[in-house]
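These numbers come from the heavy atoms of this one structure, side chains and all, not from hydrogens, waters or symmetry mates. The model shown is predicted, which means the values in this text are computed figures rather than measured ones.
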Amino acid sequence: MVPAYGGGIDTDSWVDDIDRARLYADRQDFQSASRLMHRWLVRAEHAGSDEKAVYLSGQSLVVLGNVQRDQGILHGPQSAGSVYRQALACFKSLRADRRQAQVELLVAVLAEMSGGLEESARRYGALAEDERLGALDRARARLWIGTALSKSSRPTDDRTGATVAAITRAIQDFEALDEPGEWTVSHQKLALAYLSAGNPAKAAEVIDIAATGHQLGSPLQQVRLSTAQAHVLCSDSAGRESGLALLDQTYILAEKFGLAHQMGSIKRIPAEIEAQPRRQKSQPTGRNSVTMTAAPTNEQLEDALVIWKYHQMGHELKPVDAAIGLGSHDLGVADYAAELYRREYFPVLVFSGGNSPTTKDRFPRGEAVHYKEHAVSLGVPADAILIDAAAANTGQNISLSRDLLGNSGFVPDRVMLISKPYMERRAYATCRKLWPEVQVVCASEPLKFDDYISGIGDAKLVLDMLVGDLQRVIEYPKQGFAVAQEVPAEVLAALARLIAAGFTSRLLS
């Protein structure tokens, strides 16, 4: 007899499909895994449920959350965070303590991936001693204490010691538990911890151990190992060329399987490497103090941060009828547009942008064309994307996209403008002038100011661009290009100081 619960649901088949979905997810076939789990969750919702169905719903939600996490969809509707909260509610209602603790561990991972390093380290520490978890999960929590500590703030002797101790303890646990895959991953993490602490020789020694013990697994596992190897190689000038080549290969693999979070990590490494030749000589501790020559002063960076915050509108993300990705040198616009499409914020996406002096070499066929190709590689259907490859400025981005949508049968009431982080306000002001009948939501890749500078690799250039965009916010309304906006006194004062200091390369002539 087939066991049936929740109004006749075949739970044996459901259990089998949960295993199938996990296998799909391990192979980075995210679409198949999601489709399978959504199918059962819809059946359970319509059929009613008992404890067995609630338990299987919780397990299905965990699989869905893991899929969203591995794609870098961490927050917002239908994100990993949202789905994990639903899974927690299922297991709490059943008083399934171990399952609940396992989801709490996954939520701590999201905190780490989102930059909440101190918070995640604290959560990991508590869960490493939590008797609700089994020995394997407690060992994972110890490992992740070390990874969070290794990423947070500037290394100190105490911080490095705590990091190495946590990861070494986890390695011992995994060896005792006969978990070779986890043991290998732990060595990758330990290598990166040594690299962060300024000990590249030890990092190279440990990453060799990880590579030797590695058995070819999922694309995600391969991407993680190759990223760590490339990072260590790049720390030595003799291996830098090989390391950068490996990074390029690894990025292509990550892009192929839609591993957005790993793609972001890979993109940040070259900027770190580019800064290395300009570092000061090693201090007595053996670590390097990062101080780039001709870099902005702390006071100038504080002024720039004031302007950075002003440029961002702070709009709440909400579903809209259409989105416009504004072309530029920044491929992060296409990355974030693809993520928001996958999170179902809009059904149609316009990429707008031709060429400019700063993008013609990088995007020779036009910004919009390259943006579309990139978004399709991240899983956005080609037929959901319209392209305007003629726009040469922000006004044309808006007007030509408006016309393109209308000619394609879309007359939106609400539009999302997706831009570089420091261009939100100017995009908003331009749209309100040229397309006043639509409601506007502004969005940009959620990056911290320091991280954006690291990604560009040139702090002075970033400050020049912030200054230039603020000047346009002020001047363009006078020329009829945009609506006027209030500029607080502290923002104007920061602008004046940066112009006086010479951050003027992007000013209007």
Side-chain angles (χ1 to χ4, degrees), residues 270-271 274-275 277-279 290-313 326-333 353-363 367 391-398 417 419-431 433 442 444-445 447-509:
E274 182 65 23
R278 297 189 290 272
R279 291 180 178 177
V290 183
T291 304
M292 297 173 63
T293 59
T297 66
N298 288 336
E299 291 77 11
Q300 290 162 355
L301 289 171
E302 289 173 3
D303 280 339
L305 181 58
V306 169
I307 296 175
W308 169 272
K309 291 178 178 178
Y310 173 72
H311 278 313
Q312 296 184 329
M313 298 297 296
L326 304 179
S328 71
H329 64 272
D330 189 350
L331 201 58
V333 174
N355 278 130
S356 72
T358 60
T359 65
K360 64 180 180 180
D361 291 333
R362 187 176 188 192
F363 303 132
E367 296 153 2
N393 55 52
T394 307
Q396 291 180 3
N397 286 146
I398 302 300
L417 303 180
S419 67
K420 297 171 291 190
Y422 62 86
M423 194 179 167
E424 283 190 22
R425 186 169 293 276
R426 182 155 67 91
Y428 172 82
T430 305
C431 191
K433 180 69 176 182
C442 291
S444 61
E445 197 174 10
L447 295 173
K448 294 180 180 178
F449 181 49
D450 290 346
D451 291 338
Y452 190 79
I453 289 177
S454 296
I456 297 296
D458 187 334
K460 183 183 184 305
L461 175 61
V462 172
L463 269 62
D464 283 342
M465 293 189 293
L466 291 172
V467 166
D469 253 57
L470 180 52
Q471 185 202 32
R472 286 160 175 79
V473 167
I474 296 168
E475 296 297 327
Y476 277 179
K478 303 172 187 176
Q479 302 176 36
F481 299 153
V483 298
Q485 297 177 88
E486 180 181 357
V487 184
E490 63 269 22
V491 176
L492 290 172
L495 174 66
R497 286 191 292 267
L498 291 178
I499 290 176
F503 295 96
T504 57
S505 71
R506 296 304 176 95
L507 289 179
L508 297 167
S509 56

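- Closest approach of V483 to P477, counting heavy atoms only: O-CG, 3.4 Å.
- Rounding to the nearest 0.5 Å places CG of L326 at 10.0 Å from CD of E367.
- Looking only at side-chain heavy atoms (C-beta outward), M423 and T394 come within less than 4.5 Å of each other.
- Partners of I499 under the side-chain contact (heavy atoms from CB on, under 4.5 Å) rule, at least two apart in sequence or in another chain, are V467, L495, T504, L507.
- Residues that satisfy the side-chain contact (heavy atoms from CB on, under 4.5 Å) test with Q479, not counting sequence neighbours, are E475, Y476, F481.
- Of all heavy-atom pairs between E424 and H311, the closest is CB-O, 3.4 Å.
- Ring geometry for Y452 versus Y422: interplanar angle over 60°, hence perpendicular rather than tilted (30 to 60°).
- Between the CZ atom in R497 and the CD atom in E299 there is a gap of 10.0 Å [rounded to 0.5 Å].
- Residues A482 and T430 approach most closely at CB-N, 3.9 Å, considering heavy atoms.
- Scanning both residues, A459 and P296, for their nearest heavy atoms gives CB-CD, 3.6 Å.
- With sequence neighbours excluded, the residues forming a side-chain contact (heavy atoms from CB on, under 4.5 Å) with A501 are Q300, F503, listed by chain and number.
- Side chain of Q471 to main chain of L508: a donor-acceptor pair is present (N/O by atom type, distance under 3.5 Å, no hydrogens or angles).
- When all heavy atoms of R425 and Y310 are compared, the closest pair comes out as NE-O, 2.6 Å.
- For D464 against S505, the heavy-atom pair with the smallest separation is OD2-OG, 2.8 Å.
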